[in-house]
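A quick write-up on the structure given underneath.
Remember, it's a predicted structure, so these values are computed and weren't measured experimentally.
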Amino acid sequence: MVYVCESMGKGVAGIMMNRTDLAIEIAKETGLSEVDAENAIKAFVDVVAQELQKGGKVQLAGFGTFEVTTRAAREGVNPYTREAMEIPESKSPKFKASKALKDIVKEGN
């Protein structure tokens, strides 16, 4: 199935759904207004971001897990000078899809 992005104009097929498109689809599925759906998306993103900032994890059964991964400090090489340099430890958000979501995507192929 090819999704028609509402924000791209009628009849334009797209393979990417942006935040506005997601709000429109949530509004259709739930009966919420588009504004309420957009507010729910914003609240979801804010809550997940706050939890990850605290070092927590958010698990949604049947969908996946949002968590923070830590990459250890390591030594690298400056590509311009070829000098060794220390790359500091870093943290980044990670999403791991659940088996159920992976199976749904797999069935679509």
Side-chain angles (χ1 to χ4, degrees):
M1 179 175 144
V2 176
Y3 175 74
V4 178
C5 294
E6 295 290 335
S7 64
M8 295 174 73
K10 296 203 182 297
V12 178
I15 57 171
M16 183 187 83
M17 180 183 283
N18 64 27
R19 189 179 189 132
T20 302
D21 299 324
L22 181 59
I24 290 167
E25 291 303 310
I26 289 174
K28 287 179 187 175
E29 288 286 322
T30 63
L32 291 171
S33 71
E34 288 179 25
V35 171
D36 288 342
E38 177 66 36
N39 289 338
I41 293 167
K42 182 182 182 324
F44 173 77
V45 170
D46 290 347
V47 169
V48 170
Q50 289 168 7
E51 188 61 27
L52 294 179
Q53 188 177 36
K54 293 187 282 188
K57 180 190 287 193
V58 178
Q59 279 186 298
L60 300 173
F63 186 68
T65 304
F66 297 90
E67 61 187 330
V68 176
T69 59
T70 302
R71 191 167 184 181
R74 62 197 186 282
E75 193 165 300
V77 176
N78 182 323
Y80 297 108
T81 64
R82 302 283 184 213
E83 292 179 19
M85 59 184 277
E86 184 68 22
I87 300 171
E89 174 181 279
S90 63
K91 293 182 180 184
S92 64
K94 175 183 171 183
F95 175 75
K96 182 177 179 191
S98 70
K99 182 178 181 326
L101 181 59
K102 288 178 184 178
D103 290 345
I104 290 169
V105 171
K106 188 176 179 181
E107 289 174 13
N109 293 335

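- To the nearest 0.5 Å, atom CD1 of residue Ile24 and atom CD of residue Glu34 are 4.5 Å apart.
- Follow the hydrophobic side-chain contacts under 4.5 Å out from Val68 and you reach Phe44 in the same cluster.
- Closest approach of Ala23 and Ala37 over heavy atoms only: O-CB, 3.3 Å.
- Distance check, rounded to the nearest 0.5 Å: CD of Glu38 to CD1 of Ile26 gives 9.0 Å.
- One finds the CD atom of Glu75 at 6.5 Å from the CD atom of Glu86 (value rounded to the nearest 0.5 Å).
- Taking CD1 of Ile104 as the reference point, atom CD of Glu107 lies at 7.0 Å (rounded to 0.5 Å).
- The local environment of CZ in Arg74 is crowded, with over 12 non-hydrogen atoms from other residues, nucleotides or ligands closer than 6.0 Å.
- By the 4.5 Å heavy-atom criterion applied to side chains, Arg19 and Lys42 are counted as neighbours.
- Atom CG of residue Leu101 and atom NZ of residue Lys96 lie 12.5 Å apart, to the nearest 0.5 angstrom.
- Summarising the geometry, atom CG belonging to Asn39 is positioned 10.5 Å from atom CG belonging to Asp46; distances are rounded to the nearest 0.5 Å.
- A tilted orientation is assigned to the rings of Phe95 and Phe63, their planes being inclined by 30° to 60°.
- Under the 4.5 Å side-chain heavy-atom criterion for grouping Ile, Leu, Val, Met, Phe, Trp and Tyr, Leu60 is connected to Val48 within one hydrophobic cluster.
- The two atoms that bring Gln59 and Thr65 nearest to each other are CG-OG1, 3.3 Å, heavy atoms only.
- Taking the side chain as every heavy atom from C-beta outward, Lys99 and Lys102 never approach each other to under 4.5 Å.
- When all heavy atoms of Leu52 and Pro93 are compared, the closest pair comes out as CD1-CB, 4.1 Å.
- Atom CD of Glu29 has 12 or fewer neighbouring heavy atoms from other residues, nucleotides or ligands inside a 6.0 Å radius.
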